[in-house]
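Presented below is the structure to which this report refers.
So you know, we letter chains A, B, ... as the sequences are listed, proteins then strands, and number each from 1. From a predicted model like this one, the values you see are computed outputs, not experimental measurements.
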Amino acid sequence: MMTTKRQAGLLAFSALLAGCAAGPSTRQVDEATQQVLKSSFREQGIARLDRLAPDASNQACSEAQGRPLDEKLAKSIEAENLATVKMPGDGKFIGDWREGEKIAQNGRGMTWSDKPGEANGGSCYNCHQISKAELSFGSIGPSLYNYGKLRGVSDPASPDSKPIVDYTWGKLWNAKAYNACSDMPRFGHAGILNEAQLRDLMALLLDPKSPVNSQ
Amino acid sequence: MKWSLWGLVLLGALPMAATAQKSTAEGIAEYRAMLADGNPAELFEARGEDLWKQARGPKKASLQACDLGKGPGVVKGAFVELPRFFPDTQRVQDLESRLLTCMETLQGISAAETAKTPFGQGEQKTLEGLVAWISAESRDMRFNLPQSHPQEKLAYEVGKRLFYLRGGPYDFACASCHGEDGKRVRLQDLPNLTKNPGAGNGFGAWPAYRVSSGELWSMQRRLNDCYRQQRFPYPGFASDATIALGVYMGVNGKDGASIAPALKR
Amino acid sequence: MERREFMQKGSGATVLGLAVAAGLMPAAAGAQNAPGWNKTAFETKSLNDAVKALGGNAPVESKDLILQAPEIAENGSVVRIGAQSNIPGTTQIAFVIEKNPSALAAAFDIPAGTDANVSTNVKMGQSSNVYAVAKAGDKYFYAAKEVKVTLGGCGG
Amino acid sequence: MSDPMRIRAQAQGDKVTVRVLVSHEMESGQRRDAAGKIIPAWFIQSISAVYDGKTVMSAQWGPAVSKNPFLQFSFKGGKAGDKISISWVDNHGDKRTDEAVIS
């Protein structure tokens, strides 16, 4: 009556657990979790099963279950991620903040209902306040309103601004380079946004004329 | 659904003058308060009660002999104790999964076929009504999921693993949005599902009528869309993964009151 | 997703424009219209045109007409609006949403003995002025409120 | 066949407050399906309430009324135990009437 596939899930462990009042051991939970993942998920559209296999960073942060990582482990994860950051090929960091605003508003991309090859959004407003005009913003990440202004960026091209410009690019490219278990996607590293899109988001955050800094 | 005069009272009490400038949060609270009276989920509840009693399927039988965990035919209070372990299937099952079993054994409607059916169509539509009515029969009762069977304990631990599992191109886990207090995505409050009151409030709101789509969503459908937004692969309907997450949330929400079927964005 | 299909801000307007141009406005697309349904009124684009199509003209603002609507809508698919008219002899209450493809949302006849107080749920494609309209004798009155429609959820 | 309406009619003093939920798609005619084709409009155009042989409310609706519509009104002179009936007609010519007892 139930499918064989489903029976293979948790059921396989009932024998193991018989007479075990204290609850399952870590190993039993590990094995059951792997079986459950295997029996429960299937590919759909562009969402392939390899998405379930975490890389080293995600593995460590999953296991931590919200607790802070061991400092040495965190540092090594951050170093690994920092090494992936690719600075823009042509040395240009700042694009068009108007385009950046559109990308920040757009929450689409890479779900099983999205088509391959379509440009993804940045989902930025889902988690951050950015420009003052948008009232519908999330609070998972810090407010980015006045991002450039608060950091004293009056000309993103000036040498004075270089450190903050580099950091911001790096943070967008791979947020885990600065915070091992950041909740923020690795937009450049994971291929969510391309260089041109990242430049536009940089402009939204750092261009003095962007409403983020001018209003 | 209770039709109190609450909505009216609230409407009268709220300052409706256009001059009153409210904060965004106050504005949203006002919007929700105005809608609180007249939740269309009630239309689904009515359909569900009929579907429970109607002789249907190849075996032309009703679901009135279905055991939702408190004995054959007992509906009241069943919802707040699910998911739980069922000896006949040797499996931890949530409401949707259990209904698949009952529809198959009592009515001869294939569980595998229904699980494969797209949401909102065919027997999935039947389930919308059933979960609305069955959950409504436990309205205001407190969650008390059993954790005595080893499989129930295992399901909780597996659910916890899945809750914290980061994956996909965005590195999202359930915990990315639902692991802390006081967070929002856009303007929607995100319940912290790791403890109360968030777990009780969050888990206890589904099934719910979603105003954005005008549909009645079961917890299985809610979790399916969470995984879509998480950029994960597709979780099977009533799969062990989505059931285990239900156990994790429901146990964390112990003693929270069920308001399902609620009204959601 | 569902939300966007109904009311995406920018491109939605184009879709609506095309629909109008192609004669796909609600009445034409339906198989038939209910007896007495005021097709013309439901094709108007503004408060004044809607009132004209209902048989009046030049509505005036009135403090005796109270429009109940939220300042912010979490979702434009369902917005509760209501109106109470304290104008003696009110025989009709209508709701107009300025920026919707068809501005007139609903028109209620109020027979003698029925309160001039009705409410319903409406869809709003975007932030807009919302009007309650009341007819008393042969005069029309209105009350206005701006309702902001916000984007919600993960947006995907 | 359409589902029944949910009607609540409550008498308080000399006034009856009526709240109605209707099961209907209320398709606006503005939405497109996955293939990009306009989904044809399908919505209730008229709805009315009758008590004691007399129409106590009648309305014309456009496609902007929400899916699974809600409606509230009140009238004088109704008594608990009496019946009120609500009827609607949509642009497909489908119609439905349901009754409720005033409580």
Side-chain angles (χ1 to χ4, degrees), chain A residues 1-3 6-7 9-11 13-14 17-18 20-21 23-24 28-30 32-33 35-37 39-44 47-49 51-54 57-59 61-66 109-113 123 125-127 135-140 176 182-186 190-192, chain B residues 24 27 89-92 97 100-101 104-105 111-112 115 147 149-151 153-173 175-177 179-180 182-188 190 194 227-236 238-244:
Chain A
M1 51 172 243
M2 303 313 292
T3 64
R6 258 192 243 123
Q7 293 232 357
L10 293 171
L11 179 58
F13 290 83
S14 56
L17 285 165
C20 173
Q28 285 166 342
V29 177
D30 284 345
T33 304
Q35 284 213 20
V36 165
L37 282 171
S39 69
S40 298
F41 288 88
R42 63 170 166 82
E43 299 191 344
Q44 169 98 345
R48 300 296 164 86
L49 285 171
R51 293 184 175 197
L52 291 176
S57 310
N58 279 339
Q59 181 78 43
C61 299
S62 301
E63 282 170 13
Q65 302 199 332
M110 288 188 150
T111 71
W112 67 62
S113 52
S123 311
Y125 280 102
N126 287 3
C127 300
L135 298 175
S136 180
F137 58 84
S139 65
I140 297 171
K176 274 75 172 176
S182 166
D183 283 323
M184 184 164 145
R186 296 174 276 191
I192 301 164
Chain B
T24 305
T89 55
Q90 286 291 301
R91 194 174 171 234
V92 175
S97 158
L100 290 184
T101 301
E104 180 160 283
T105 52
Q147 275 283 286
H149 194 279
Q151 290 247 35
K153 287 182 190 146
L154 181 60
Y156 178 87
E157 294 302 331
V158 169
K160 187 173 181 181
R161 289 289 169 87
L162 296 173
F163 185 82
Y164 284 102
L165 180 71
R166 289 181 175 221
Y170 285 36
D171 306 330
F172 287 159
S176 307
C177 288
E180 281 182 69
K183 300 291 186 189
R184 291 188 338 226
V185 65
R186 290 280 184 168
L187 287 175
Q188 280 69 53
L190 297 164
T194 66
Y227 270 129
R228 189 181 66 84
Q229 304 270 19
Q230 241 173 283
R231 276 78 183 174
F232 268 49
Y234 195 97
S239 64
D240 281 334
T242 42
I243 292 170

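Of the residues considered (B:R161, B:E157, B:K183), B:R161 shows the highest number of contacts with chain A, using heavy-atom pairs under 4.5 Å. Heavy-atom pairs under 4.5 Å with chain B were tallied for A:K176, A:E63, A:Q59, A:E43; the largest tally goes to A:K176. Top candidate by heavy-atom pairs under 4.5 Å with chain A, chosen from B:A175, B:G179, B:P235, B:G236, is B:P235. Looking only at heavy-atom pairs under 4.5 Å with chain A, the residue among B:Y227, B:Y156, B:Y170 that has the most is B:Y170. Contact tally against chain B (heavy-atom pairs below 4.5 Å) for A:S182, A:A53, A:C127, A:S123: the top residue is A:S182. Top candidate by heavy-atom pairs under 4.5 Å with chain A, chosen from B:G159, B:G168, B:G167, is B:G168.
Judged by distance alone, with hydrogens and angles left aside, the side-chain atoms of A:R51 form a donor-acceptor pair with the main-chain N or O of B:R231 at under 3.5 Å. A:S62 places a side-chain N or O within donor-acceptor distance of the main-chain N or O of B:R166, the cut-off being under 3.5 Å. No donor-acceptor pair under 3.5 Å is formed between the side chain of A:T111 and the backbone N or O of B:R228. A donor-acceptor distance shorter than 3.5 angstrom exists from the side chain of B:R186 to the backbone of A:S136, with no hydrogens or angles considered.
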Practice problem: Could you walk me through whether B:C177 and A:I140 pass side chain to side chain contact (heavy atoms under 4.5 Å, CB included), step by step? | Solution: CA-CA 7 Å; B:C177 288; A:I140 297 171; 3.7 Å; yes
Quiz item: Should B:L165 and A:T33 be marked as a side chain to side chain contact (heavy atoms under 4.5 Å, CB included) after you check the CA-CA gap, both sets of side-chain angles, and the distance that decides it?
Solution: CA-CA 10 Å; B:L165 180 71; A:T33 304; over 6 Å; no
Exercise. Take B:K160 and A:V29 through the test side chain to side chain contact (heavy atoms under 4.5 Å, CB included) and record every step on the way to the result.
Key: CA-CA 10 Å; B:K160 187 173 181 181; A:V29 177; over 6 Å; no
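The two atoms that bring A:S139 and B:G182 nearest to each other are OG-O, 3.7 Å, heavy atoms only. A:S40 and B:D240 make their closest contact through OG-N, 3.4 Å (heavy atoms, listed as atom of the first residue, atom of the second, distance).
Note: B:Q229 CD to A:N126 CG = 8.0 Å, rounded to the nearest 0.5 Å. With rounding to the nearest 0.5 angstrom, the CE atom of A:M110 is 14.0 Å from the CZ atom of B:F232. Rounding to the nearest 0.5 Å places CG of B:L154 at 7.5 Å from CD of A:Q28. The distance from atom CG of B:L187 to atom OH of A:Y125, rounded to the nearest 0.5 Å, is 12.5 Å.
Heavy-atom distances place the side chain of A:I192, and not its backbone, under 4.5 Å from chain B. Contact annotation for B:F172: only side-chain heavy atoms (C-beta onward) come within less than 4.5 Å of a heavy atom of chain A. With a threshold of 4.5 angstrom between heavy atoms, A:S57 does not approach chain B through any atom at all. For a residue to count as touching a neighbouring chain, one of its non-hydrogen atoms must lie under 4.5 Å from one of that chain's; by this rule A:R48 touches chain B with the backbone only.
Cation-pi geometry between A:R42 and B:Y234 is satisfied (NZ or CZ under 6.0 Å from the ring centre, within 45° of the ring normal).
For the ring-ring contact (aromatic ring centres under 6.0 Å, His included) test, no residue two or more places apart in sequence or in another chain qualifies with A:F137. For B:Y164, the ring-ring contact (aromatic ring centres under 6.0 Å, His included) test picks out no residue, with sequence neighbours left out.
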